[in-house]
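Encoded as structure tokens, the structure appears first; notes follow it.
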Number of protein chains: 2
Amino acid sequence: MSIEWVASRIKELRAKTGLSQEKFAFKIHMDRSYFASVETGNRNVSLLNLIKIINGLNVSFEDFFRGK
Amino acid sequence: MSIEWVASRIKELRAKTGLSQEKFAFKIHMDRSYFASVETGNRNVSLLNLIKIINGLNVSFEDFFRGK
DNA sequence: CTGTGACTAGAAGTCCGTA
DNA sequence: TTACGGACTTCTAGTCACA
């Protein structure tokens, strides 16, 4: 488990939603440039923001971390 | 999903290890009082520290979030 | 053994623009 | 559409004394 894995998992699932970074960030009330840096693994995101993101992806935490 | 849920889940699983907060915190190279505040839900812990803690609990992320 | 308030440094997070 | 950067504000990391 690593920040990079979480980042690419977010990217993978966000792509599945069909939304751009910008639209997804807007949907979950998060700054678009900040969300972009999370998705590229350049940020040590806090739990509250991770909850926000995973909720926005419409998956459970268990599913998000499936296989890890 | 909430900080409180994560906090109590940490407490639950840490108790299962049989270690005190102090000993567990020492094991994962984290300050005892900082870990205590995480376990009581008073901190919005970052992903890196959450990874450290969950690894120390010897469970997978999937197991940690089981049922959520 | 555990919980908490206070504190500082530095990172998180926001808002703007640009390629 | 995404990535990145500057400048800014807010908050967490990490520590300590004390209860």
Side-chain angles (χ1 to χ4, degrees):
Chain A
M1 178 57 56
S2 67
I3 286 192
E4 291 71 28
W5 186 87
V6 171
S8 68
R9 181 75 166 138
I10 291 171
K11 187 165 201 155
E12 173 194 350
L13 294 175
R14 192 263 309 161
K16 276 195 188 168
T17 68
L19 297 175
S20 65
Q21 285 182 351
E22 188 170 18
K23 286 186 177 156
F24 183 79
F26 179 80
K27 174 185 165 190
I28 65 173
H29 310 102
M30 186 173 281
D31 183 70
R32 74 174 161 74
S33 73
Y34 178 69
F35 179 74
S37 65
V38 170
E39 228 183 43
T40 51
N42 294 322
R43 296 283 185 155
N44 179 20
V45 69
S46 70
L47 178 55
L48 280 177
N49 276 333
L50 188 60
I51 290 172
K52 244 167 116 170
I53 292 170
I54 296 185
N55 284 343
L57 291 170
N58 285 319
V59 294
S60 66
F61 267 67
E62 196 178 344
D63 281 341
F64 184 88
F65 291 108
R66 187 79 64 190
K68 292 305 293 181
Chain B
M1 178 57 56
S2 67
I3 286 193
E4 292 69 30
W5 186 89
V6 171
S8 68
R9 181 76 166 138
I10 290 171
K11 187 165 200 154
E12 173 193 351
L13 293 175
R14 193 262 309 163
K16 275 196 188 167
T17 68
L19 298 174
S20 65
Q21 285 183 351
E22 188 169 19
K23 286 185 175 155
F24 182 78
F26 180 81
K27 175 185 165 190
I28 63 174
H29 310 103
M30 187 172 279
D31 183 72
R32 176 199 70 74
S33 73
Y34 177 71
F35 178 74
S37 64
V38 170
E39 217 178 60
T40 51
N42 292 323
R43 297 276 186 157
N44 179 19
V45 69
S46 71
L47 178 55
L48 280 177
N49 277 335
L50 190 60
I51 290 173
K52 238 167 122 170
I53 292 170
I54 296 184
N55 284 344
L57 292 170
N58 286 317
V59 294
S60 67
F61 267 66
E62 195 178 345
D63 281 342
F64 184 87
F65 291 108
R66 187 80 65 190
K68 292 307 290 183

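What you see below is based on every heavy atom in this structure, not just the backbone, and it leaves out hydrogens, waters and symmetry mates.
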Check your understanding: In Å, rounded to the nearest 0.5 Å, how long is the span from NZ of K16(B) to CG of N58(B)?
Key -> 12.5 Å
Check your understanding: When rounded to the nearest 0.5 angstrom, what is the spacing between OG in S46(B) and CZ in R43(A)?
Key -> 13.0 Å
Check your understanding: Hey, any chance F26(B) and V45(B) share a hydrophobic cluster, counting ILVMFWY side chains that come within less than 4.5 Å of each other, even indirectly?
Key -> no
Exercise for review: Using a cut-off of strictly less than 4.0 Å between a heavy atom of the residue and any atom of DNA chain C, enumerate the qualifying residues of residues 46-58 of chain A by number.
Suggested key: S46(A), N49(A)
Point to revise | Divergence of helical axes at both termini of the helix from dT2(C)-dA19(D) to dA19(C)-dT2(D) - five pairs an end, 10° steps | key: 50°
Exercise for review: Under the side-chain contact (heavy atoms from CB on, under 4.5 Å) rule, collect the residues that match up with I51(A), sequence neighbours excluded.
Suggested key: L47(A), N55(A), F61(A), M1(B)
Point to revise | DNA chain D-proximal residues of residues 15-31 of chain A, any heavy atom under 4.0 Å | key: S20(A), Q21(A)
Point to revise | Close side-chain approach of D63(B) to R66(B), heavy-atom, < 4.5 Å | key: yes
Check your understanding: Does the side chain of M30(B) reach to within under 4.5 Å of the side chain of I53(B), using non-hydrogen atoms?
Key -> yes
Please produce a list of atom pairs where a protein N or O lies less than 3.5 Å from an N or O of nucleotides 4-9 of chain C.
from, atom 1, to, atom 2, distance (Å)
dT4(C), OP2, N42(B), ND2, 3.0

Testing the basics here: between [X] and [Y], what is the closest heavy-atom pair and its distance to 0.1 Å?
{"X": "V38(B)", "Y": "A7(B)", "result": "O-CB, 3.4 Å"}
{"X": "A25(B)", "Y": "R32(B)", "result": "CB-CA, 3.8 Å"}
{"X": "E39(A)", "Y": "K11(A)", "result": "OE2-CA, 3.5 Å"}

**Study point:** Separation of atom CZ in F35(A) from atom P in dG13(C), rounded to whole Å
**Key:** 13 Å
Review point. Can you find a side chain N or O atom of N44(A) that sits less than 4.0 Å from OP1 or OP2 on dA11(C)?
Key: no
Point to revise | Aromatic plane relationship, F24(A) with F35(A) - under 30° parallel, 30 to 60° tilted, over 60° perpendicular | key: tilted
Point to revise | Sole residue of L50(A), L48(A), N49(A) in side chain to side chain contact (heavy atoms under 4.5 Å, CB included) with K52(A) | key: N49(A)
Practice item. Please say whether more than 12 non-hydrogen atoms of neighbouring residues, nucleotides or ligands are located less than 6.0 Å from NZ in K23(B). Key: no
Exercise for review: Sequence neighbours left out, what passes salt bridge (Lys or Arg N to Asp or Glu O under 4.0 Å) with E22(A)? Give chain and number order.
Suggested key: none
